[in-house]
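Accompanying notes for the structure given below.
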Amino acid sequence: MVEISHDILAAVGGIPRPASDVVVETTDVEKWFGKTQVLNGISLTVKRAEVVVMIGASGSGKTTFIRCINHLEKIQGGRIQVNGHLIGYREINGKLVEDREQNIARQRQDIGMVFQRFNLFPHMTALGNIVEAPIRVRGVTEKEATGIGRALLERVGLGHKADAYPAQLSGGQQQRVAIARALAMRPALMLFDEPTSALDPEMIGEVLEVMKELAREGMTMIVVSHEMGFAREVADRVVMLDEGKIIEDDTPEHFFTAPSHERTKAFLSKIL
Amino acid sequence: MHTSVLLATSFAFHFDVDLFLKFIFQPSPALIGGLAITIYASVVSQILGVVIGIFSALAGMARNRILRTISGFYVWFFRGTPLLVQMFIIYFGTPYLFGIDLFPNDVHLGFLSLRGSVLAGIVALSINEGAYMSEIVRAGILSVEPGQTEAAKSLGMTYGLTMRRIVLPQALRVIIPPLGNEFNNMLKTTSLMAVISVTEMFRVAQGVYAVTFKPFEVFLGVAVYYLALTTIWTLIQGMIERRLGASTTRSEAVPGLRARLLGLSSPRGGVGGVGR
C-alpha cells in the first residue's frame, strides 16, 4: 500500500492564491484540425479550488480542449483566460494574434499538466525530473529545488525512489513522479489528461489517491478521465463533451442520477 | 609453362621490406607532422561539422520557411557535389566570392597561425561534414517522442531550453553510432586535402614515393597508419557507446570489437551509416 501524505502542497509552500476567484474562463473556443471541427464553441468557467472532470466518447474533443488551455494546441476562435490572462494570444486592435514564444512559456509555468503517457524525461532521475524546471525556468537554487523535490517525492510515497530512472519505475510510480514534477512549479491550475488510462488496473488507485489528496488540499483541477468513481467522489462538476460541444455540466449527483441529455444517458449506460 | 613463370618473375618488382618497415617504425619527422595534421584536421572538422549539423537540422525543422529553404539548399548542394570539387572551390574561390583571399600562405587566428591551405581544407571538410551531420541530427531529433517536447513546454521551458536539456540529450542515443562512423570516414577523408597541398599523412607519403619510386611500400605503409588510426577510434567509439548504453536503461547490446572491426553485426538503429 502506498503511503500518500495529507499535506502534499506543503512541500512547495502551498499554492499561490490567485487574485480572482475565477481561475479558468474560456469563451466560445473553436478548434479545427484541417476541415474537421473538433471544438465547437466551448465556454467553461472553473473557480478556485474547483475540480472539474470532463468525460465524453473518444473524439469528443475533451483532450484537445485541455491541451488548448496551456496552448499546446492553437485555437481558431474564442478565447481562453487563466487567472485573468489571455493564454497564447495577444489582443491587437480587437484581433487575437499568437503571442511570442517566451510569453507563452511564461504563462505555462503556472499551469501544471499531467499526461496520459507520463512523459517523464528518461535521461534524468525522478528527482532530476522534478528539479529541472524549477532550476532552469524559475531560477530556484539547486539546493532549494532539491529540498522541495525530495519533500514532494516523500509525500507522494516515492521518497526512496529519488535516484531511480523512469525506466526503473512502474507506471503508477512514474505518474506520481510526473504529478510531483508539475507541482514543483507551484502551479495555480493542474490539468490531467487521462492520467490513469495507460496504467495497469492495480496501479490506478495510487495515482487517483494523490489526485484526491490534491483536490482535498484545494488545488484547482481539470481532469479528463473515465474514472467514474473518482468523478463521483471528488469532482465538483462533471462536464460531458459531445462532438466538440458541452452538452452537460452538472454536479456529480445530478450528472450520474438524472442526466438531462440523451447522449449522456447513452454514454453512461455504456461505461457504468 | 617454364617460360611464362620466367616472364612473370622478370616483370615483378622486388618488395623493399626494409623501406616498408622503416616507413612504419622509424617515421620521419615529416610523417609525424603529417599524422598530427591528419588527426587535428579530423577532430576539428568533425566538431565543427557536428555544430553546423545541429544548426542546419534545427533550421531544417523550423517553422520559418526561409530557414528551412537555406538548410535544404545547403544539404542539397554539399551532399550533391564531390568533396574534392568543394575543396578546390573553397580554396581558390574566396577571392571571387569575397574579393579577398581568405586562405593565403599563412593565416593568423589570434594566438595560432597556420597554413592557409590547412584552414581551407578544414573549412571544406567541416562544411561538407555538416551537411551529412544535419541529416543524422535530424533523424536523432525525430526519434525523440513528441511527448517529451510537450512535457517540457508544459513546464514553461522555452524552445532553446527544451532542445538543449530535453531533446538533444535524448537524440544523442541515435546520433552517436552514425557519428562514430562519420569520424571514421573523416580520418580517411582528410587525405583529400593533399590536392590543395596540405602536408597531411598522404601528402607526405606521396613525397616519399617521389624520392624513392617505391609506391607499393610507401602507400601500403601509410595505409597501415590509417588503419591504426581507425582501429584506435573504433575502440574509443565502443567505449563511448557502452557508457552511453549503461547510463540509459533501454539496453541494446553494443557489438564487440571483432564484430565492429569486421562488420559482422548489423549497425544499430538503422539511421546513420551515411556511406560515401
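This is a predicted model, so every value here is computed, not measured. Chain naming here is simple, since letters A, B, ... match the order of the sequence lines and numbering starts at 1 in each.
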Open item on the list: Nearest 0.5 angstrom please: B:Leu155 CG to A:Arg181 CZ, how far?
Closed with: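 Rounded to the nearest 0.5 Å, the CG-CZ separation comes to 5.0 Å.
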
Open item on the list: Quick check for you: to the nearest 0.5 Å, what is the distance between A:Arg136 atom CZ and B:Arg164 atom CZ?
Closed with: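 Answer rounded to 0.5 Å: 7.0 Å.
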
For [X] and [Y], which heavy atoms make the closest approach, and how far apart are they?
| X | Y | answer |
| --- | --- | --- |
| B:Gln148 | A:Leu120 | NE2-O, 2.8 Å |
| B:Ala151 | A:Phe121 | CB-CE2, 4.0 Å |
| A:Val137 | B:Gly156 | CG1-O, 3.6 Å |

Would you confirm whether [X], through its side chain, and [Y], through its main-chain N or O, come within 3.5 Å as a donor-acceptor pair?
| X | Y | answer |
| --- | --- | --- |
| A:His123 | B:Val167 | no |
| A:Glu132 | B:Ile166 | no |
| A:Asn119 | B:Gly147 | yes |

Given side chains that start at C-beta, do those of [X] and [Y] come closer than 4.5 Å, heavy atoms only?
| X | Y | value |
| --- | --- | --- |
| A:Arg67 | B:Glu150 | yes |
| A:Met124 | B:Arg165 | yes |
| B:Ser154 | A:Phe115 | yes |

Open item on the list: Under 4.5 Å from any heavy atom of chain A, what part of B:Leu161 do you find: side chain, backbone, both or neither?
Closed with: side chain

TODO: Would you please test A:Arg117 and B:Glu145 for salt bridge (charged side-chain N to carboxylate O under 4.0 Å, His left out) and show each step?
DONE: CA-CA 11 Å; A:Arg117 304 214 152 266; B:Glu145 248 188 285; over 6 Å; no

Task: Atom group of A:Leu72 that falls short of 4.5 Å from chain B, counting heavy atoms - done: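 Side chain only.
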
Open item on the list: Is A:Ala133 in contact with chain B via its backbone, its side chain, both, or neither, using a 4.5 Å heavy-atom distance?
Closed with: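 For A:Ala133, the side chain is the part near chain B, not the backbone.
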
TODO: Evaluate whether atom OH of B:Tyr96 has more than 12 neighbouring non-hydrogen atoms of other residues, nucleotides or ligands under 6.0 angstrom away.
DONE: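 Open: at most 12 neighbouring heavy atoms sit under 6.0 Å from OH of B:Tyr96.
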
Task: Test applied, side chain to side chain contact (heavy atoms under 4.5 Å, CB included); reference residue, B:Lys153; option that passes from A:Glu101, A:His71, A:Arg108 - done: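 Of all the options given, the one that passes is A:Arg108.
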
